[in-house]
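Report on the following structure.
Order of the sequence lines sets the chain letters (A, B, ...), proteins ahead of strands, with each chain counted from 1.
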Amino acid sequence: MDYQFKKIEQDWRKFWADNQTFKAHNTSDKPKYYVLDMFPYPSGAGLHVGHPLGYIASDIFSRYKRLKGFNVLHPMGYDAFGLPAEQYAIQTGQHPAVTTAANLERYREQLDNIGFSYDWSREIRTTDPHYYKWTQWIFIQLFHSWYNKTTDKAEPITNLIALFETEGNTCVIAACEETPLFTAHEWKAKSEKEQQLLLLNYRLAYTSEAWVNWCPALGTVLANDEVKDGVSERGGHPVERKRMPQWSLRITAYADRLLNGLAEIDWTESIKESQRNWIGKSEGTTLDFKIQNSEDTITVFTTRPDTIFGVSFVTLAPEHELVAKITTNEYKTVVEEYITIAKNRSERDRQADVKNISGQFTGAYVQHPFSGAPIPVWIGDYVLAGYGTGAVMAVPGHDSRDYAFAKHFNLPIIEVVQGGNLAEEAYEPKEGKLINSDFLNGLDVKQAIKKAIAVIEEKGLGKGKVNFRLRDAAFGRQRYWGEPIPIYYKDGVPYTMAEEDLPLILPEVDKFLPTESGEPPLARAKDWTYSPPQPSPRGRESVAANTGNFRYETGDKSIWNVLKENSQEHRKNPTETEAIVWKFLRGKQLGVRFRRQHPILTYIADFICIEKKLIVEIDGGYHATAEQQALDTARTNELVAIGYNVIRFSNEDVLANINAVIEQIKAKLKVLPIGEDLGGEYPLETTTMPGWAGSSWYFLRYMDAHNSNEFVAKDAVKYWQQVDLYMGGAEHATGHLLYVRFWTKFLFDLGLIPVDEPAKKLINQGMIQGRSSFMYRFDFKPSLRNDFIVENHNSNLKESDLKSAHDETLSDLFYYTVENSPSVFFSSAYYNDFVNSKFSKESIVNTVKSNFPALERVLNKYGTDIDEKTVSLTPINVDVNIVENDVLDITAFKKWRPEYADATFVLEDGKYICGSEVEKMSKSKWNVVNPDDIIERYGADTLRMYEMFLGPLEQSKPWNTNGIEGVFKFLRKFWKLFHDDQFNFVVSDAAPSKEELKSLHKVIKKVEEDIERFSFNTSVSTFMICVNELGALKCNKRAILHDLVITLSPYAPHICEELWTLLGNKKGSLSFANYPTFNPAYLTEDAFDYPISINGKVRSKLNLSLSMEVADIEKAVLASEELQKLLAGQTPKKVIVVKGKIVNIVL
RNA sequence: GCUCGGGUGGUGGAACUGGUAGACACGCAGGACUUAAAAUCCUGUGACCCUUACAGGUCGUGCGGGUUCGAUUCCCGCCCCGAGUACCA
């Protein structure tokens, strides 16, 4: 049989799935290797041919590593929370979970088609409560941690509390400068609420007031990119900058470690550079300027303290807190006006029009810290409130922004560093001698900076300081489709939920929109409250510090874990009767709160009201047995012993008369006294986590995907450590790739994982762009001269030709005629000539006339008026799937666009050739190529190899199906090596020749080298060369083909598995075969064709033995007849011989 | 503006530490097989000049310089394209 890729590929995909061939094990004698792809967001559009590029590369690498004897972990999952599904939900009312599930299924199907060696048993989805339970859990750990600068790592907040209780807040442990210092005594005197609010300044997850873009009309916070020109992008509602509470993660605490850690990881330089810029470390100093006639000082941050004597004004950000205080009466009105304007521009806007300089003098002055001279204080929106201190000392001579500001407002410019021309521009380089600078005069810039800082610190005017551009990461989103934040509020103070109450399941809501009062969608959820477990009699694990409170604990963790699991399961799958009863009990309908499936002692109660100490049990049929009844009684007794009441109903009771049952419960509640206050109900946080939460730790979960007790087991993470190869797009440089490093370092600090970087090596695959195809439509738009329009109107067209009444303008009438004429398409050569003015409009018109008589009538009538605007060839997008090698399938085109069924085509050489352009792959450009279609036509092995053959992995490039035939041919040739002309499988056991071995070992060596440096495109051509060579040699020797199959198998696994089996090996054993060993002996050559060049230009060749030494080579070359002819009597000045490379003769 | 990539035939690309530029593939042209088509196979294919032919020559890796016996590769200056980032004091 010929190469039947469809059957082969289907069979093998099934074999791998059935046998779980790629299931990774957490214990092995082999060394481990962890290959991770950035998991996809499953969008509705499905995969296009660009998405699998990185997956294919990493799959080749994984398969290669298996052959090299590694225990490979290669998992896949889905990052499924996100905006598109939510937007779709808002529009259609369809639950995002439903859309997501559908998309996910389609993704899986498409991925499966490509033959990846994923261990699907470890699949994770960020939207799965079993997964996000641990995302929430990590958030709780962040909340309960602070960053200890002394030990330079995150520590439990209890350590900090202990410090506060013993030492108070000394300057040594102050996390941020805003936090006031206090003594231990003062700490103890604070109320619980005061203490908690203070601790928020330290927690790694915290709420704070932050500046946001607030849109009152939409009732939501908008991201910077959702605001344009001061109004919301959607709807055009006004947006203002507002301070409001916002959850954030204190990533800034890790700024230095995130920066330094880059040195240890093998990531692309561009990603590291992006992260460095994003973190933006700058070293400088703070400096205080005393305000005249005031007790206050303005603190600025500067990296150029050397230019202190060049300060001619100080500028504050419009939001700076001192602005209102220092503005003099005279300037109050103008300053307020300015602030109002500045406030209504988003930060992005302010940054967008840099040229538009604006500012306002406040009327206030500060004193120069050294000379004491008065310096005016301005406000200007080029100063950002969020960076440094929100105030700058302006040195127009040596800072371009200050320079522009000074020029605009006519402020003095003082030169303090020599070297520039201040009449033209600011002189910014850190080179030159200081002048006009008192004690700094004569120093060069670097010395001056040091000296200035020293003097500033000595005089107590400021402190050397490191500033980062990086800001804390906003963590709350006013969205529905995300992980709920496991926080409840008591007296306005946030507390975390108990870990055993996780996951906090995303609730059902009636709409996925904010509430009328502007709260996030989660505020729509019924009973979105939480009752902390502290006093609840559940079978909880014993906690030493709180032992006194837990009167009913089981004290046994394993029992507790089982109870917890089961109760969650029960809640998800209530029995019919339980569901009926719950309808009447839920939501305090009877005046008190019932919980269902709640652990107590070593049981799970069906319904329990803690305040009234009442348990309601609904017993199924099996309770009728004597044995079971005995157990029930024993259980009731135990519960009674701890003060509980138990009422039992049977299923039949409920089904027969539910009202009677409820009445009994009501009656019982009436007689029971209200118990102690058992905690009560507290409102839950209504914002959800951002998209990057779930992806910040997923690489760990794959190591132990089904663990319900821990986010990852210690021994699993001890074995897999970290990702060895991480493959993904560079667009995540400052998002995901920074956050995942942050979380990893945090988890490392807590001692939960043994490494503090997520991935040793990172490869960024390039983006595959679309290659759009174009057709060129002849368009005729005559200029409308009054005379012929009138004529036209009167003579040719009838009222009934009009499209509609409002089209009754003369121009529309005319276009109607032209537009309804059948179209003419010109092949691309005409278009190119047209663009290059080689093909005139007259020629086009003549071509149209001769090709298409129907249009001739129109042209003859109005065509005298051909000018720049009348005739054009308009490119229109055509579906790339009906274009092959740029040739249009005209029949398919007419089917695709019925409106062009009558169109005429002006061909070249009998074909319609389409033009092309590289654009983003998108539906609207008709340039999306679906991998399924390619696989249908050529098979997955061809797709895999072709994607690799396209070019260097890391380079972005357009998809072009044109070359795929070459790869397909290669696989057929490969298949043919094993078969005779009638496609019978025939291999010979004869000993391979030297030539054949050479061909094979070239591949073994080259492919190994190429894979190790991710140069997959060149290894594909190496395979091609080898198969061409072996084909020419008619080699079908087992010894050669056996090894070749192994080396090719990472690239084209299906065909190789098939041939491997045909070769007589155990079915499916190929994935774990041994990569053949390279033997250099087969490649050694005795002789070499030395290129002989004269003055660097190759003129001749000479075959010489490789064992010859340099001097002998020189002699032999000079003696050769060929060279003597070329020299034509000249004597060489010099002869350069590079052994095994080249001979160069200098004349 | 700054940072990081990149610029090689008609096209995608190769040339790994300076040593025969254009591997491999597409496309194109010619040929074989075939009633025909498909498939397959063979040959040619950077540009220009010269030649009946054999052969030979000149130019050629964005542009201009430099280092070197020798530069796509190293250095200096410039141009263009792509990506990221942007009043960060």
What is the distance, to the nearest angstrom, from the [atom1] atom on [X] to the [atom2] atom on [N]?
X         : N      : atom1 : atom2 : value
A/Lys1141 : B/rG18 : NZ    : C1'   : 9 Å
A/Asn277  : B/rG5  : CG    : C1'   : 14 Å
A/Lys976  : B/rU40 : NZ    : P     : 7 Å
A/Ile1145 : B/rU68 : CD1   : C1'   : 18 Å
A/Asp981  : B/rA39 : CG    : C1'   : 13 Å
A/Glu731  : B/rG5  : CD    : C1'   : 16 Å
A/Ile1113 : B/rC69 : CD1   : P     : 20 Å
A/Lys969  : B/rG27 : NZ    : C1'   : 11 Å

Would you call A/Arg1013 and A/Glu1009 a salt bridge, using N to O less than 4.0 angstrom?
no
Please tell me which of A/Val392 and A/Glu1009 maps to the more 5' nucleotide of RNA chain B, matching each residue to the nucleotide holding its nearest heavy atom.
A/Glu1009
Can you work out whether A/Lys957 or A/Glu269 has the more 5'-proximal nearest nucleotide on RNA chain B?
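Its nucleotide being nearer the 5' end, the pick is A/Glu269.
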Would you mind calling B/rG56 syn or anti? Take O4'-C1'-N9-C4 for purines or O4'-C1'-N1-C2 for pyrimidines, and syn is within 90° of 0.
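B/rG56: anti glycosidic orientation.
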Are side-chain N/O atoms of A/Asp472 and A/Thr252 paired as donor and acceptor at under 3.5 Å?
yes
Parallel under 30°, tilted from 30 to 60°, perpendicular over 60°: which one fits the rings of A/Phe1078 and A/His1001?
tilted
